[in-house]
Structures are given as structure tokens and as C-alpha cells.
Amino acid sequence: MKTIYADNAATTAMSDAAIRAMMPYLKEVYGNPSSLHTAGQTAKEALERARADIGGCLNADPREIYFTSGGSESDNQAIRSCAENGAVKGKKHIITTAFEHHAVLHTVKKLEKEGFEATYLGVGADGFVTAEQVKNAIRPDTALVTVMYANNEVGTIQPIREIGAVCRQAGVVFHTDAVQAVGHIPVDVKADNIDMLSLSAHKFHGPKGAGALYCRRGLPLKTFIEGGAQERGRRAGTENIGGICAMAEALKEACAGMKENTARLTALRDKIIDGLLKIPHSRLNGGRENRLPANVNMCFEGIEGEGLLLHLDARGICASSGSACTSGSLDPSHVLLALGLPHEIAHGSLRISLSEYNTEEDADAIIKAVPEVVKLLRDMSPVWDELEKGQRKHLIK
Ligand SMILES: *Cc1c(COP(=O)(O)O)cnc(C)c1O
């Protein structure tokens, strides 16, 4: 049985070009970039080439790119740095949204325990925040606004350029978790008025454990990992050269193929959405406009997302559900709850995230398998039985 991988928002397969770009740095060019000998300096040159390439893809200066271990570390460093810099000036207020990735949410929550105040902006039923909301939430003591570029569960693309403009106008630092955006949709840190941006290689066919933080020149960046003077003293630790070179290659490839991939993936995405919306009492989560080209997120009334996933897996389809199994109880996704979905509905969610490696046949197989599994699960579901008998009211029309 062929496996259909449709969980690319969780992670992607590395591209052949990225693997090729990585290989020389695992064996031949293994010098430490901090070493002064030729072996070290050859590695250093590769590192700086990767920095220039990544900067080029974002319209940033290479000196504004700091390599990290991935999206989580970049988010942590950006938010911590802004909080510390703000606190020095008596600014201890942070603005974010209710549906950020946990790398952002948990960092902000921790800062709240340390004496910061946070505003969590609502995201509306379609999964968008507005620049107006940000503007209204900014206070004289606001140290940071952090709003994700695109949501990892429902795929909604936020009005980052407008939010950035509002922040710039107010003189507040603006960070964006762009892990789901970079390599998938055009991102230009200058045009988008972004001060700080997080990205991660494994979300665009690069390797796991490599990422970057963009920090606009002139903005002070606090060190998060103490030690050596790597990354101009902002991030200690011997650089993951192979991973970094592969990341740069993957990003160049993603940006070069973006236009073509976007057209093809959007068509596949819409085909799947339309196919699955034929299932009675189903809904699409997140607006259809301004949505990542490869994201499908739907709810099916009367079933559990976990059951759906396991049955799809048994048929060779890898997808994801919003809910995470914590301490034996099923917590619905904070993202779907932020969209205002009731718990019962949020439990029956399915995320299908495609990549350019998916085919038309994959989409057809998904459109065939999901309705079958939903029917199977509904036939066994006591909740569905009550809905059918009219003992319970349908929450999805
Ligand atoms: C995957 C992801 C992260 C975490 O990135 P890692 O490189 O896995 O640490 C952060 N934010 C978003 C939106 C993501 O999708």
C-alpha cells in the first residue's frame, strides 16, 4: 500500500537538493567555522553563503539573519528579548493572539508569571485578526506585538503588512512566527514592516533542527543561549552547518517554485475541500480566502478526530487532528476553540496539509477515503445516533 503523506504542516520530507546540499558538510567540510585554519574557514564561507541566500529570500540583509535550532527557539528568543528590552523601559505589556503556536503562547504565559501583562486578541470565526484590533490594544507600556503570519492548523494568512504598519506607527516592536509562511507564500520583511521573524527549515523540505531568526538592524537582540561568540554573540553553539546549508537550498528551491506550486496546490486543496464538504454535517474551519495553498481543516459532526486519523492511517493516509491527547483526556485544539467552535465539534476535526509532492491521485484517494471512514465512525457513534433520532440538535447544518 502506498502511503499518502498529508501532514506537511507538522513536517515535510527533505528535498533531494537539500539533501545534496547537506552531504559535503557531514564528512568532507567538517571544520568548525570558528577555527582559523582552512578547514574551518571553508565551513565559515558556506555558513555565510547560506546566510546571504536566506536573507535574499526574505529581502533581508545577511547580517539580520541569526541561525537557531528551529521555529520554537526563534520564537522563544524573539519574545524573551523584546520582553527584557521592554522591561528596562518599564514596558511590560505584550500583545499576541489566542491561536498562536505553543512556542509563542507558552513563552508569553511564562512571562505573565514573571510579571508581564498579556493581551490575547480574538481571531474571529474565520480565523483572522485585524490591524484595527492590534491598534486598539497597543498601550504606552506595550513592549511587543507578536502575531503569526499564517496559522498552522487552519491555514489562515494574517494581514501582516497592515499589522506591521500599525506597530511601526506606534513605535512598538513587531515579531511574527512565519514558520508556516516562509517558503510557501511571499514574505518580504521590509514591505511587510516586520521587525523580527521566525522560520524553520523542516516546514519547507529542509532538515529538522535548523531555523533562523530575522532581527531588523538596529534592534537590540538579547542572547538566549549563552556560551561562545557565534552568531555575533547572539546565539552560542557550534553551527549546524549541514542543516543550515540544506535549509538555504530548500528555501531557494521553495521560493523559485512558489508560483507554480501555489497554483497547483490551491487547485488540489479546493478539490479536497469541495469533495469533503459533500459529507453531511461537515464544515471548513478557517476562511477560504487568504488561506495557505496546501491547508484543509474540516470538522465532521458526531465523530472523534482521533478515530478518523487512525482509520485513515490504516488506509495509508497520514493526516492530523487538532486535538492533542493530554493526561488521558482529550483537549480540543485551542485554535478551533479560538474560532468559537463548541467542544463537541472541535473534537471531530481533520487537518490535511499537502506539499508539492502530493498528486492528483492522492487528492482523489483522500476524497474517497474520508467519507467512508466518517460513515463508519458515525454508524458506531452513540452521539450520531442521538442526532439522527432528533434527541440532540445538529451544531453543523
Ligand atoms: C512547526 C511550528 C513551530 C515550531 O517549529 P520547530 O522548528 O518545530 O521548533 C512554530 N510555529 C509554527 C507556526 C509552526 O508551525
Side-chain angles (χ1 to χ4, degrees), residues 5-14 18 54 65-80 96-110 120-121 123 127-129 146-158 160 163 174-185 187 192 194 196-214 224-225 235 237 239-240 242-244 246-248 250-251 254 285-286 290-297 318-322 324 333-336 338-339 351-355:
Y5 185 78
D7 197 12
N8 289 278
T11 197
T12 59
M14 279 183 75
I54 290 172
I65 303 295
Y66 298 87
F67 293 125
T68 67
S69 66
S72 300
E73 186 188 322
S74 295
D75 284 342
N76 274 257
Q77 181 169 12
I79 294 167
R80 281 258 155 212
T96 186
T97 76
F99 74 164
E100 296 294 314
H101 188 273
H102 284 136
V104 169
L105 277 185
H106 290 173
T107 304
V108 173
K109 285 252 164 3
K110 203 160 173 200
Y120 298 89
L121 300 173
V123 297
F128 297 99
V129 288
T146 173
V147 174
M148 70 199 319
Y149 209 117
N151 184 269
N152 47 304
E153 285 187 34
V154 294
T156 51
I157 302 166
Q158 305 306 310
I160 290 302
I163 292 171
F174 175 47
H175 165 256
T176 185
D177 173 342
V179 172
Q180 291 289 336
V182 170
H184 300 278
I185 54 174
V187 173
D192 291 345
I194 295 165
M196 292 174 124
L197 172 147
S198 306
L199 66 87
S200 177
H202 75 100
K203 302 293 175 79
F204 51 78
H205 302 295
K208 291 155 188 68
L213 174 61
Y214 156 80
F224 187 62
I225 294 181
R235 203 278 189 181
E239 300 86 344
N240 171 13
I244 290 166
M247 167 163 66
L251 185 55
N285 299 316
N290 293 317
R291 185 181 192 98
L292 287 174
N295 174 289
V296 176
N297 189 310
C318 303
S320 159
S321 91
S333 135
H334 70 287
V335 172
L336 297 182
L339 263 58
R351 179 185 71 186
I352 291 165
S353 44
L354 307 169
S355 87

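Atoms within a ligand are numbered from 1 in the order they appear, just like the ligands themselves.
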**Q** Test Y149 against V182 for side-chain contact (heavy atoms from CB on, under 4.5 Å), laying out the working first.
**A** CA-CA 9 Å; Y149 209 117; V182 170; over 6 Å; no
**Q** Would one find more than 12 heavy atoms of other residues, nucleotides or ligands at under 6.0 Å from atom NZ of K110?
**A** no
**Q** I'd like to check the side-chain hydrogen bond (donor to acceptor under 3.5 Å, both in side chains) partners of S74; sequence neighbours left out, ordered by chain and number.
**A** T68
**Q** Taking side-chain hydrogen bond (donor to acceptor under 3.5 Å, both in side chains) as the test, write out the residues that go with N8, two or more places apart.
**A** none
**Q** Can a donor-acceptor pair be found between the side chains of D177 and S198 at a distance below 3.5 Å?
**A** no
**Q** Among all residues two or more places apart in sequence or in another chain, which pass the side-chain contact (heavy atoms from CB on, under 4.5 Å) test with D7?
**A** Y5, A10, S320, R351, S353
**Q** Kindly tell me which protein residues have any non-hydrogen atom under 4.0 angstrom away from an atom of ligand 1, grouped by chain and ordered by number?
**A** G70, G71, S72, D75, H101, M148, N152, D177, V179, Q180, S200, H202, K203
